[in-house]
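In what follows, chains carry the letters A, B, and so on, assigned in the order in which the sequence lines appear, proteins first and then strands, with residues in each chain numbered from 1.
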Amino acid sequence: MSGAACFADARAHLVSALDACIGDSRHLKRALARAVVAGLLPDPFVSARAVAAAAPCDLPLAYLAFRAAVPRPSSFAFASLIRAHSASLDPSPAFSLFAAMLRSGLYPDRFVLLSLLRASARCTNTSPSTVLFLHAVALRRGLHSDLHVATSLLHAYASLGLLDVSLKLLDEMPQKSTVTYNALISCCAKSAWYEHGLDLFTEMLLQGTHVNADTLVAGLSCCAGLGALGHGRSIHACAVRRLSCLTSELGTSLLQMYTKCGSLEEARRVFDQMQTTRDVSAWTAMMSGLAMHGQGEEALDLFERMMKDGVAPDSMAFTTALHACSHCGLFEAGAKIFKEMKGVHGIEPRMEHFGIMVDLLGRAGQLEEAMQIVESMPSKPSKVVLGALLHASMANGETMLRKQLERQLLELETEAGEEGGFFVGVSNLYAAVGRWNEVCKIRNKMVEKGLKKEKGFSLVEVDGKLHKFLVADKRHPLTMEMYRTLHGMDSGGMMLE
DNA sequence: CAATAGTATT
């Protein structure tokens with residue numbers, strides 16, 4: 001056998017060995033060691049296969065193989081690493097790798113593009129220009145009409161909150177899949193575009209696009225946001241008709257929908273049906289529903305039962321349990337849970353937990369303790385935490401502290417370039433204590449920045465049709481009658497609940 | 001090799 005043939009043979013052998021241990025870090029290390037000994041790891045082809053095999057389970061090892069390539073890593077090696085990062089907790093290194101890839105003169109292919117779009121959608125701090133750039137790349141390379149690329153692109157825009165762009169893209173897509181719709185509907189729910197989400201759901205049914213369990217989950221989130229009980233019920237019926245059993249995801253969405261729509265009874269019924277499929281999410285949704293309806297004690301009972309059932313609480317479960325305590329005035333129970341969170345369960349409290357604790361202690365009149373919480377925090381308190389403390393100091397007549405907090409909060413606001421909603425929130429806090437000077441200052445600042453708060457509105461479902469009412473809305477033909485009824489409820493001493 | 005529940009606050 002000639003030298004060249006021998007080399008090729010050894011290389012092929014090694015590559016198949018590498019492929020055989022994808023995801024198995026220990027075996028991979030052994031195969032890599034053999035590659036090094038045989039002097040084959042620098043071969044870009046071998047290196048790339050090693051990167052691909054190691055990336056899903058052992059990133060440092062993948063980088064080792066990546067850097068070994070001579071003269072440089074191949075496109076395939078870049079793609080594997082970028083893909084691994086796009087799926088990880090912090091996808092941002094995917095972009096540095098992409099930059100390095102471009103610098104070494106390699107073009108992004110379909111796989112790289114898909115991974116980068118996924119990374120954009122999952123990063124919390126992606127800038128719109130990143131997605132715009134990837135969009136341009138897709139167009140330039142003629143990949144924009146590929147169904148998966150188009151779906152990922154639409155999802156990337158939607159994750160930024162640019163839903164109008166996503167909807168336009170959807171409109172222009174020659175073919176759309178279930179996944180395309182699911183991605184968009186769930187983003188609508190996340191960005192409070194509930195009505196659009198439900199419209200898309202209906203559109204799917206009308207044009208015969210297949211609806212799966214995930215579609216129903218996304219649709220239910222929209223119903224929950226709208227309080228559209230009727231629509232929620234028909235999605236529930238749809239689920240019962242199509243699926244043999246309730247998955248925990250679907251059950252959890254149903255719980256959320258029913259409790260947010262005010263039907264605790266139906267939520268309970270679903271929860272009872274879920275005996276074998278209850279996980280942390282399901283327990284959490286039920287707890288939150290109870291707390292929402294003023295049943296804090298029951299929520300805490302559920303929290304206890306969950307742990308007895310052997311389901312470990314996570315960060316969100318604690319958020320919910322603490323909120324139940326704060327909301328229902330169970331101050332001692334809340335303090336105990338907060339302590340045990342780290343002490344017994346080893347879960348580090350985060351910003352939300354601190355915020356709820358400050359709120360809870362403030363309501364209990366324990367301002368000292370609330371301040372201690374803020375001082376004990378590992379990072380700078382967010383505006384929510386400071387706002388809770390401000391609220392507490394106002395309720396407790398602490399002028400000094402209040403003044404200090406007001407200054408801090410305003411600084412935070414101005415540097416962050418906030419949206420309208422929070423400005424209004426802060427100005428309401430000032431208004432509540434009659435500090436009209438401060439109210440004026442904030443309002444002026446908002447005008448300067450061209451910020452406007454979206455008008456408040458409520459939605460009411462009657463006979464399956466949604467009706468929208470803006471603040472001080474008088475356009476409905478039956479306006480007078482409605483206001484009369486409202487006033488009647490006020491003065492007639494009619495009690496709700 | 002496209003998307004994926006449950007929380008808190010405005």
Within the 4.0 Å heavy-atom criterion, would you say A/Ser248 contacts the bases, only the backbone, or no part of the nucleic acid? base

What is the distance from CZ of A/Phe303 to P of B/dG6, rounded to the nearest Å? 19 Å

Could you pull out all residues at least two apart from A/Tyr258 that satisfy ring-ring contact (aromatic ring centres under 6.0 Å, His included)? A/His236

Donor + acceptor pair across side chains of A/Thr180, A/Thr151 (<3.5 Å): yes

Between A/Glu265 and A/Arg269, does any side-chain N to carboxylate O distance fall below 4.0 Å? no

Tell me what A/Val217 touches on the nucleic acid: a base, only sugar-phosphate, or nothing, going by heavy atoms under 4.0 Å. sugar-phosphate

In whole angstrom, give the distance that lies between atom CG of A/Leu290 and atom C1' of B/dG6. 14 Å

Are more than 12 heavy atoms from other residues, nucleotides or ligands located less than 6.0 Å from atom OH of A/Tyr107? no

Among B/dT4, B/dA2, B/dT7, which is the nearest nucleotide to the side chain of A/Lys190? B/dT4

Salt bridge flag under 4.0 Å for residues A/Asp309 and A/Arg278: no

Of the options B/dA8, B/dA2, B/dA5, whose atoms approach the side-chain atoms of A/Val179 most closely? B/dA2

Minimum-distance pair of heavy atoms, taken over all atoms of A/Leu106 and A/Pro73: CD1-O, 3.9 Å

Grab the CE-P distance between A/Met287 and B/dA5 for me, whole Å please. 19 Å

Across the strands shown, which category fits A/Arg110 at heavy-atom distances under 4.0 angstrom: base, sugar-phosphate, nothing? nothing

Examine the base of B/dG6 for any acceptor or donor lying under 3.5 Å from a partner atom in the side chain of A/Asp314, and report the outcome as yes or no. yes

Side chain of A/Glu249: nearest nucleotide among B/dT7, B/dA5, B/dA3? B/dA5

Quickly work out the A/Met257 CE to B/dG6 P distance and round it to whole Å. 12 Å

Name every residue in residues 166-174 of chain A that has at least one heavy atom under 4.0 Å from any atom of DNA chain B, in order of residue number, or write none if there are no such residues. none

Quick one: sort the A/Trp283 and A/Phe271 rings into parallel, tilted or perpendicular, breaks at 30° and 60°. perpendicular

Across the strands shown, which category fits A/Ser288 at heavy-atom distances under 4.0 angstrom: base, sugar-phosphate, nothing? sugar-phosphate

Measure CD1/A/Ile347 against P/B/dG6 and give the value in whole Å, please. 19 Å

Read 5' to 3' with Watson-Crick or G-U pairs under 3.5 Å, [ ] for crossing pairs and | for partners on another strand, DNA chain B gives ..........

Please tell me whether A/His353 and A/Thr319 have a donor and an acceptor in their side chains that are separated by less than 3.5 angstrom. yes

Check A/Asp359 with A/Arg363, please: is the shortest side-chain N to carboxylate O separation under 4.0 Å? yes

Whole-Å distance, A/His323 NE2 to B/dT7 P, equals 11 Å

Counting the atoms with a prime plus P, OP1 and OP2 as sugar-phosphate, which does A/Asp359 contact under 4.0 Å by heavy atoms, base, sugar-phosphate, or nothing? nothing

Distance in angstrom units between A/Asp279 CG and B/dT7 P, rounded: 13 Å

It should be established whether A/Ser221 places a side-chain nitrogen or oxygen under 4.0 Å from OP1 or OP2 of nucleotide B/dG6. yes

For the residue pair A/Thr215 and A/Asn212, confirm or rule out a side-chain donor-acceptor distance under 3.5 Å. yes

Closest nucleotide among B/dA3, B/dT7, B/dA2 to the A/Arg83 side chain: B/dA2

A/Ile356 CD1 to B/dA8 P: how many Å, rounded? 7 Å

Atom of A/Ala267, atom of A/Thr259 and distance for their closest heavy-atom approach: CB-CG2, 3.7 Å

Among residues two or more places apart or on two chains, list those pairs meeting ring pair (Phe, Tyr, Trp, His ring centres under 6.0 Å) that have a residue in residues 203-225 of chain A. none

Would you classify A/Ser177 as touching base, sugar-phosphate or nothing, given that sugar-phosphate means primed atoms plus P, OP1 and OP2, and contacts are heavy atoms under 4.0 Å? base

Counting side-chain heavy atoms from C-beta on, which of B/dA5, B/dG6, B/dA8 comes nearest to A/Met316? B/dG6

Which pairs pass ring pair (Phe, Tyr, Trp, His ring centres under 6.0 Å) with one or both residues in residues 137-192 of chain A, sequence neighbours excluded? A/His135-A/Tyr157

Do any of residues 133-155 of chain A sit with a heavy atom less than 4.0 Å from DNA chain B, and if so which? A/Leu147, A/His148, A/Thr151, A/Ser152, A/His155

Which nucleotide sits closest to the side chain of A/Lys260: B/dT4, B/dG6, B/dT7? B/dT7

